[in-house]
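Numbers restart at 1 for each chain; the letters A, B, ... are given by sequence-line order, proteins then strands. For clarity, every value in this text was computed on a predicted model and none was experimentally measured.
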Amino acid sequence: MSKDSPNFRDLVLDFVQQVPAGKVATYGQIAALAGSPRAGRIVGGILSSLGMEESHIPWWRIVNRHGYLSIKGHSADIKDFQRELLLRENVQVNDEYLVDLRQFGWQGLSF
DNA sequence: TTTCCGGCTGATT
DNA sequence: GAATCAGCCGGAA
């Protein structure tokens with residue numbers, strides 16, 4: 001791997017940080033922006049690997065294509081934590097950990 | 001180095 | 001809408 005070439009990881013993190021508060025983005029969205037529309041799973045893997053250390057990255061604003069908090073985390077309460085963070089940003093999350101992408105989907109970039 | 005799995009997505013059936 | 005297939009890139013074994 002060349003270190004002078006921007007990896008997917010770096011690009012993904014950069015885009016995730018550009019997600020405005022009160023909005024959520026999908027893995028595919030970020031992946032597409034990073035250059036690979038099918039690499040959504042990589043985005044998930046990256047965010048999970050980051051952990052809370054990279055707190056400057058709003059990983060909690062990343063949900064899957066259905067608006068579901070697909071985060072796996074190391075604890076079963078991680079989703080509840082993410083839900084609270086989103087609710088605090090005026091993002092409605094129901095009991096199923098589902099977000100209404102029609103309303104909060106981040107479509108201010110490619111859409 | 002190779003191989004396999006995975007927090008996904010889009011297209012097709 | 002649900003099920004299936006293939007492609008994407010990274011990390012662990």
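- The main-chain N or O of A:Ala39 is never found under 3.5 Å from a side-chain atom of A:Ser36 such that the two would form a donor-acceptor pair.
- Of the listed residues (A:Leu98, A:Asn64, A:Leu86), just one forms a side chain to side chain contact (heavy atoms under 4.5 Å, CB included) with A:Leu69, and that residue is A:Leu86.
- Taking atom CG of residue A:Asp10 and atom C1' of nucleotide C:dC9, one finds them 13 Å apart after rounding to whole Å.
- Residue A:Leu11 contributes atom CG, which lies 14 Å from atom C1' of C:dG10 at whole-angstrom precision.
- Here the side chain of A:Ser36 is nearest to one of B:dT9, C:dC9, C:dG10, namely C:dC9.
- Rounded to whole Å, the distance from OH on A:Tyr27 to C1' on C:dG10 is 15 Å.
- Using a 4.0 Å heavy-atom cutoff across all strands shown, A:Gly45 reaches no nucleic acid atom at all.
- Checking C:dG11, C:dC8, B:dT9 against every side-chain atom of A:Arg9, the shortest atom distance belongs to C:dG11.
- Positionally, the nearest nucleotide of DNA chain B for A:Ile42 lies more toward the 5' end than for the other of A:Val63 and A:Ile42.
- A pairwise comparison of heavy atoms in A:Arg83 and A:Asn94 identifies NE-O, 3.5 Å as the closest pair.
- Classification of the A:Tyr97-A:Tyr68 ring pair by plane angle, with boundaries at 30° and 60°, yields perpendicular.
- Taking atom CZ of residue A:Phe8 and atom P of nucleotide B:dG6, one finds them 20 Å apart after rounding to whole Å.
- Checking B:dT12 for Watson-Crick or G-U wobble geometry (two distances, each under 3.5 Å) identifies C:dA3 as its partner.
- In this structure, NE2 of A:His66 is placed 11 Å from C1' of B:dG10, rounded to the nearest angstrom.
- Look at CD1 on A:Ile46: it is 21 Å from P on B:dC5, rounded to the nearest Å.
- Within the structure, every side-chain polar atom (N or O) of A:Arg38 is placed at least 4.0 Å from both OP1 and OP2 of C:dA6.
- Across every non-hydrogen atom of A:Pro20 and A:Trp106, the tightest pair is CD-NE1, 3.2 Å.
- For A:Tyr68 and B:dT9, the OH to C1' distance is 18 Å, given to the nearest whole Å.
- Atom CD1 of A:Ile62 is separated from atom P of B:dT9 by 11 Å (rounded to the nearest Å).
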